[in-house]
Amino acid sequence: MPKIRKVLVANRGEIAIRVMRTCKELGISTVAVYSEADRSALHVRTADQAYFVGPPPSRESYLVQERILEVAKKSGADAIHPGYGFLSENASFVRACEKAGITFIGPPASAMDAMGEKTRARANMIKAGVPVVPGSTEPFATEGEARDYAQKIGFPIMLKAAGGGGGKGMRRVESLQEFESAWRSAKSEALNAFGNDAVYIEKYLEKPHHVEIQVFADQYGNTIHLNERECSAQRRHQKVVEETPSPILTPELRAKMGEVAVKAAKAVNYVGAGTVEFLVDVHRNFYFLEMNTRLQVEHPVTEWVTGLDLVALQIRAAEGEKLPLLEAPTPNGHSIEVRVYAEDPSRNFMPSPGKITYLRVPGGPNVRDDSGVFPGFTVPNFYDPMISKLSVWAPTRAEAIARAQRALSEYVVKGITTNIRYLKALLAHPEFVGGDYDTSFLTRNHDALMGVEDPRLSEVALLASAVYAYNRDQKRAKTLPSAQGSGAGTGGVSPWRQALRNRR
Amino acid sequence: MPKIRKVLVANRGEIAIRVMRTCKELGISTVAVYSEADRSALHVRTADQAYFVGPPPSRESYLVQERILEVAKKSGADAIHPGYGFLSENASFVRACEKAGITFIGPPASAMDAMGEKTRARANMIKAGVPVVPGSTEPFATEGEARDYAQKIGFPIMLKAAGGGGGKGMRRVESLQEFESAWRSAKSEALNAFGNDAVYIEKYLEKPHHVEIQVFADQYGNTIHLNERECSAQRRHQKVVEETPSPILTPELRAKMGEVAVKAAKAVNYVGAGTVEFLVDVHRNFYFLEMNTRLQVEHPVTEWVTGLDLVALQIRAAEGEKLPLLEAPTPNGHSIEVRVYAEDPSRNFMPSPGKITYLRVPGGPNVRDDSGVFPGFTVPNFYDPMISKLSVWAPTRAEAIARAQRALSEYVVKGITTNIRYLKALLAHPEFVGGDYDTSFLTRNHDALMGVEDPRLSEVALLASAVYAYNRDQKRAKTLPSAQGSGAGTGGVSPWRQALRNRR
Amino acid sequence: MRYFTKQQGQKEAVPVDLESLGNDRYRLTVNGKTFQVDALALEHGTMSMLVDGQSYSVEFEENGDEVGVLVRGQVTRVDVADERRLRLRAATAGFSVEGKQLITAPMPGKVVKVLVKVGDEVKEGQGLVVVEAMKMENELKSPKAGKVTELFAKEGTAVENNAKLVVVE
Amino acid sequence: MRYFTKQQGQKEAVPVDLESLGNDRYRLTVNGKTFQVDALALEHGTMSMLVDGQSYSVEFEENGDEVGVLVRGQVTRVDVADERRLRLRAATAGFSVEGKQLITAPMPGKVVKVLVKVGDEVKEGQGLVVVEAMKMENELKSPKAGKVTELFAKEGTAVENNAKLVVVE
């Protein structure tokens with residue numbers, strides 16, 4: 001396959017810039033696409049070429065396959081990098097690229113089909129011998145059958161309504177004694193809620209961790225894993241902090257999970273970068289959750305401890321090169337990533353789009369800022385609220401936490417509200433510092449993570465605010481030179497304006 | 001020795017901030033000192049405490065030992081980190097700290113004494129068996145003696161006037177045949193220039209490289225080296241770009257030079273971080289040049305390839321901890337540092353102090369910016385023109401060069417002139433890319449490094465400038481609403497001002 | 001010069017007495033304590049403040065009458081005014097906490113659902129309007145029990161930050 | 001609208017014709033070539049310029065009559081003016097290249113040495129004044145052969161950027 005010379009990056013924000021940086025280092029030209037809301041965005045200026053693709057809503061611009069392909073042709077791009085989100089896991093887009101003779105930097109459509117839909121993926125994984133959360137795929141005809149099944153997989157279990165979701169018809173059952181009454185109430189609740197009393201059973205996982213394995217494959221069937229990422233710090237299934245190595249993994253468990261992840265990827269003839277997500281329970285059993293058939297947001301932590309450039313590897317794999325390594329490198333040191341969101345934690349994490357009036361990013365040793373914004377940029381209203389990913393490296397986890405704290409303390413964003421203070425509280429929380437935090441960590445500790453007020457700092461703030469007000473008043477007095485003499489006679493209207501009025 | 005709890009950083013600019021960052025990560029409080037010219041400097045705001053130490057000239061502030069020690073006492077600092085420059089290699093200051101009961105984070109005064117003065121250092125090294133540039137330390141009585149000596153050390157040699165410097169009385173002698181006439185003319189030139197015809201001989205080094213070895217020692221005599229840094233890209237003995245590993249070193253030569261550097265450090269009972277500088281000639285012989293008894297500007301490249309934090313190591317050594325490693329780690333990948341100076345290469349590198357009106361620093365994978373400035377800061381006139389050090393890491397040298405280029409292309413500094421474009425030309429120069437560049441590289445290629453104009457970009461600049469002028473004129477027209485109607489009648493005086501004048 | 005500083009969420013304003021000593025130096029008195037302060041205002045709403053040798057890098061952000069003050073990772077929202085302004089502000093405060101309440105858009109976004117109509121009785125905490133921004137829906141709730149007297153929000157329309165949505169009385 | 005753009009170091013001004021098409025779009029003609037340009041001005045003197053799909057991030061820096069234009073690592077210094085300003089500028093150009101020459105401080109600094117006095121004959125390239133900044137001494141040389149007619153520089157004094165130092169005639 002020929003070398004890629006020009007890449008269209010079918011994305012926006014930090015990930016578009018991330019991909020373009022590697023392209024630039026590889027001597028590959030880049031093409032940006034932008035919606036009406038992104039004309040002023042940084043990825044437009046970072047690229048060598050840039051084309052408009054439609055109105056702000058992504059379904060009218062970034063998700064319109066024909067527009068993207070049209071730009072690829074017009075600009076002479078020979079490959080498309082989809083980033084994450086948008087068209088990155090869209091098998092029909094992969095087929096359209098193929099038809100247009102443009103290299104899609106990602107897995108083949110068939111692998112996406114096999115992993116795209118959750119129940120299909122689950123079935124495929126069971127077939128391949130990959131452990132999934134134990135449970136019945138079909139509802140039960142009688143209570144007896146159900147009870148036998150529950151005993152077989154072992155308590156605690158979950159009863160789940162086949163017909164719906166949202167917590168309705170769900171019952172956690174601790175032991176055989178509780179089974180009968182739970183069964184009855186689950187069925188009646190399911191009937192009331194969904195008009196369907198079918199109920200199935202899944203194993204209840206205690207304090208699960210979200211641990212994912214990065215996999216990588218070339219076009220010749222060579223498939224390796226690149227160790228894990230611990231992503232249990234989640235809020236509403238949104239990852240907030242990620243790290244590697246996982247503090248709960250032993251080398252043995254890492255090897256075992258890595259092996260299973262490679263098995264999963266091979267089962268679908270995977271090519272390129274992918275991530276196999278697992279739940280790990282309190283007994284350190286692990287179960288397949290889903291596979292993300294693309295680059296992950298949190299790939300920088302893997303890059304820190306392996307020294308690899310995953311985007312460069314993706315491009316090389318798409319060019320038909322063989323994998324440059326045959327097994328996972330032993331993780332070197334520790335890396336933590338925190339996601340900086342334009343949101344206000346104190347107002348229920350309400351999004352906070354708007355204009356960034358001032359921005360200062362952290363520097364110094366082993367700090368990486370993957371940002372998609374700049375001072376003067378108005379964070380648009382239409383897309384993901386993540387404005388940057390800050391990641392750090394250090395020899396040990398404790399040092400990495402200290403470094404992340406230091407870096408966050410240097411991060412200043414003005415004009416919009418961000419979660420920086422929340423991230424600091426998160427990293428300081430004893431449960432996080434301890435390392436064994438599960439997926440309910442953030443929800444359980446919501447109040448503690450809101451932070452406590454230091455009265456000494458509040459007093460300093462009052463002093464500062466008085467000086468601020470004084471300076472403001474002095475400046476106003478200066479801009480209104482005559483106001484000092486004449487007093488408040490003009491009723492707050494500046495004499496400049498007054499003068500102008502008089503002239504009209 | 002007790003743990004250090006509070007460090008006074010007796011320095012300014014990027015190195016003060018560098019040291020404070022590590023202190024913060026270690027949970028150590030920091031104290032800044034500042035001159036009148038540095039009240040608004042970043043290191044003042046980065047520290048937990050800050051004290052004024054005098055007028056702008058450093059000899060009246062940063063170099064006044066009593067002031068620094070007074071601040072240390074007042075603030076409760078138990079240790080002083082000197083950074084580089086200023087008091088960092090001042091043995092009398094080390095003794096004063098000792099007397100005041102304050103830990104000096106650096107080598108003992110005796111080691112500074114032994115290495116501080118060049119001829120004394122040279123004599124000490126000869127005694128220790130460290131190779132120095134071969135030469136006579138004393139002038140010769142007769143031409144015969146001189147010729148014999150020249151033959152002994154081998155041609156080419158340099159004749160140097162003992163009485164002076166500045167190139168006067170210096171003669172390079174290629175062979176025995178040339179010796180007699182060169183000897184005569186050197187002696188007469190020396191007599192004319194300095195009233196003293198004494199001449200001595202030094203071996204002439206062809207195309208020398210400046211290669212230095214980082215050494216580290218604890219208080220118990222454990223001394224190791226941490227590999228080399230190639231620093232041959234120099235202008236007027238000022239380093240501009242540094243890298244590690246050196247492209248000209250073999251593992252064998254590295255081991256040999258490292259061994260000699262350790263020997264040099266042990267000879268003076270060194271403690272802490274130090275650097276032994278060597279000249280390496282075209283035959284890969286190496287000769288002791290001098291030892292810097294402090295942290296070097298270019299230490300980040302060593303940190304990149306070793307994963308160590310040299311400032312943290314310095315603090316640990318000062319606390320009396322043992323070295324955490326017993327030999328040099330094998331260099332991991334490649335690192336390059338470029339120094340961003342406030343200077344104008346096109347005007348003979350004239351310093352360019354002034355106000356930084358806009359600043360955008362590079363981000364993304366494996367880029368480190370050690371900066372001492374911020375947007376809105378006025379780079380003062382009194383100190384070193386270096387405003388930042390940009391360093392990168394990559395698995396290979398070629399990738400590191402590409403990454404440094406990419407990072408430099410993201411660096412935007414407005415308000416003052418910098419050498420960023422010069423640095424890009426330097427990294428792109430075939431001799432640099434080839435790797436075997438000696439200390440005359442920058443001088444020899446001065447014109448090529450000024451860059452050539454791309455006419456296509458100049459045309460784009462003309463287009464852009466027209467739009468700029470148009471926007472400027474439109475904005476002016478808007479601020480002066482009545483001007484549009486009345487035309488140029490007011491002769492360039494804004495109608496606002498006019499209005500004001502009328503009122504007076 | 002006396003300033004009144006009211007922290008968000010606190011009822012009472014704390015007086016701070018300020019005397020300018022020139023050269024960015026001030027004598028400040030708060031809670032009966034007097035401080036000598038060296039406070040250098042930098043660009044972009046940054047201030048370097050030295051109080052008894054302690055160094056504070058302060059970031060200010062003005063937001064209406066309030067100024068957000070960021071010091072060592074802590075944000076304090078302060079309403080600071082001199083006596084004259086304090087009186088003025090009290091006079092123009094159209095919507096007091098007890099009387100009618102104006103609900104405004106907390107961010108630019110799109111009104112995706114209006115849950116009430118004029119005349120509806122609402123409970124405290126009841127949802128009034130759903131605004132979407134950045135792919136997330138945010139339900140705005142009534143701050144008090146009362147009656148919807150005005151309704152500006154329209155489903156499907158874009159709204160700016162602080163746009164009026166509903167009045168509950 | 002016609003602008004005259006004169007690049008530093010070049011003698012002739014190049015005319016650029018600009019027609020605003022609204023919405024940050026322009027039709028620009030230079031050297032006989034016409035371009036459709038989408039040029040969005042951002043804050044801090046930054047501009048995003050799209051020309052036939054090519055994306056240029058442009059940084060401007062105004063310095064007196066000249067504007068420095070940074071595009072893809074290249075800085076071009078351009079003096080850009082409309083016809084009226086061009087004429088005005090020609091009229092007020094007090095120090096032409098041929099006539100008397102004013103030597104100004106190229107940076108803020110300190111005059112450490114004055115090498116000439118009023119009335120001295122100087123050669124082209126001869127040192128006139130030494131200014132120190134950032135621990136480096138910089139000798140300012142005469143741009144032409146001539147006579148020192150005015151001398152503002154005084155040893156030991158601080159000078160601002162662009163301060164008048166010497167006139168050579």
Side-chain angles (χ1 to χ4, degrees), chain B residues 57-58 236 238 341-344 346-354 357-360 375 378-386 405 408-409 412-417 420-421 424-425 451-454 456-475 488 492, chain D residues 1-5 7 14 16-18 20 24 26 28 30-31 33 35 37 39 41 43-47 49 51 54 56-62 67-82 84-85 88 106-110 131-136 138-139 158 161:
Chain B
S58 40
R236 291 189 199 160
Q238 180 86 279
Y341 285 111
E343 66 182 16
D344 188 348
S346 70
R347 295 203 292 174
N348 197 25
F349 298 92
M350 187 161 322
S352 159
T357 54
Y358 183 72
L359 181 66
R360 204 153 72 80
T378 298
V379 180
N381 195 2
F382 298 93
Y383 313 108
D384 192 273
M386 193 176 75
Q405 287 282 21
L408 280 171
S409 74
V412 179
V413 185
K414 289 200 216 178
I416 61 171
T417 307
I420 288 174
R421 201 183 163 195
K424 284 184 69 71
V452 279
E453 194 184 306
D454 178 343
R456 199 177 45 95
L457 290 181
S458 302
E459 196 173 87
V460 170
L462 294 192
L463 296 180
S465 73
V467 177
Y468 179 82
Y470 176 78
N471 284 341
R472 186 188 56 194
D473 295 351
Q474 291 294 104
K475 202 179 286 168
Chain D
M1 182 98 212
R2 172 164 283 197
Y3 284 98
F4 294 89
T5 61
Q7 229 182 296
V14 177
V16 178
D17 291 312
L18 178 147
S20 171
D24 305 312
Y26 305 88
L28 293 168
V30 67
N31 299 328
K33 287 172 283 184
F35 301 91
V37 174
E43 292 187 4
H44 308 290
T46 301
M47 182 182 276
M49 199 160 87
V51 187
Q54 288 291 311
Y56 299 97
S57 186
V58 185
E59 303 286 346
F60 296 104
E61 234 185 309
E62 220 169 304
V67 59
V69 186
L70 171 70
V71 187
R72 294 194 183 170
Q74 179 171 312
V75 179
T76 311
R77 290 179 213 286
V78 188
D79 187 345
V80 54
D82 57 19
R84 193 176 63 82
R85 275 220 190 74
L88 212 86
M107 70 236 157
K110 189 178 155 186
V131 177
E132 190 197 77
M134 297 179 137
K135 303 196 293 176
M136 281 179 64
N138 300 278
E139 193 178 276
N161 194 11

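The structure displayed is predicted, hence computed values, not measured ones. Proteins come first, then strands; the chains are lettered A, B, ... in the order of their sequence lines, and each starts at number 1.
- For the set D/Ser57, D/Gly68, D/Gly73, the entry with the most heavy-atom pairs within less than 4.5 Å of chain B is D/Gly73.
- Residue D/Asn138 touches chain B through its side chain alone, counting heavy-atom pairs closer than 4.5 Å.
- The part of D/Asn31 that comes within reach of chain B is its side chain, from C-beta onward, which places non-hydrogen atoms under 4.5 angstrom from that chain.
- Interface remark: D/Asp82 contributes side-chain atoms only to the contact with chain B (heavy atom separation under 4.5 Å).
- Note that CG of B/Leu463 and CG of D/Leu28 are 5.5 Å apart. Values are rounded to the nearest 0.5 Å.
- Judged as a salt bridge (Lys or Arg N to Asp or Glu O under 4.0 Å), and not counting sequence neighbours, B/Lys424 has no contacts.
- Neither the backbone nor the side chain of B/Pro375 has a heavy atom closer than 4.5 Å to any heavy atom of chain D.
- Contacts of D/Phe60 with chain B are made by both backbone and side-chain atoms, with heavy-atom separations under 4.5 Å.
- Across every non-hydrogen atom of B/Ala469 and D/Tyr3, the tightest pair is CB-CE2, 3.6 Å.
- The CE atom of D/Met47 lies 5.0 Å from the CG atom of B/Asn471; values are rounded to the nearest 0.5 Å.
- Between chain B and the residues D/Ala41, D/Ala158, D/Ala39, D/Pro106, the most heavy-atom pairs under 4.5 angstrom are made by D/Pro106.
- Contact detail for B/Ala464 and D/Val58: the closest heavy-atom pair is CB-CG1, 4.0 Å.
- Interface remark: D/Val71 contributes backbone and side-chain atoms alike to the contact with chain B (heavy atom separation under 4.5 Å).
- Of the atoms belonging to D/Glu59, heavy atoms from both backbone and side chain fall under 4.5 Å from chain B.
- Each of B/Pro353, B/Ser352, B/Pro351 was scored for a side chain to side chain contact (heavy atoms under 4.5 Å, CB included) with D/Pro108, with one residue passing: B/Pro353.
- By the side-chain hydrogen bond (donor to acceptor under 3.5 Å, both in side chains) test, B/Arg347 is found to be paired with B/Asp344, residues two or more places apart in sequence or in another chain being considered.
- Across all non-hydrogen atoms, the minimal contact from D/Val78 to B/Ser465 is CG1-OG, 3.7 Å.
- At a 4.5 Å heavy-atom cutoff, the contact between B/Asp473 and chain D is made by side-chain atoms alone.
- Taking the side chain as every heavy atom from C-beta outward, D/Phe35 and B/Glu459 approach each other to under 4.5 Å.
- Although no hydrogens or angles enter the test, the distance criterion places no donor-acceptor pair under 3.5 Å between the side chain of D/Lys110 and the main chain of B/Phe382.
- The contact between D/Gln74 and chain B is made by backbone and side chain atoms together, counting heavy-atom distances below 4.5 Å.
- With hydrogens and angles ignored, the 3.5 Å screen pairs a side-chain donor or acceptor of B/Lys414 with a backbone N or O of D/His44.
- When D/Leu70, D/Asn161, D/Val30, D/Val131 are compared by the number of non-hydrogen pairs under 4.5 Å with chain B, D/Val30 comes out ahead.
- Contact count against chain B (heavy-atom pairs under 4.5 Å) is highest for D/Glu62 among D/Glu62, D/Gln54, D/Met1.
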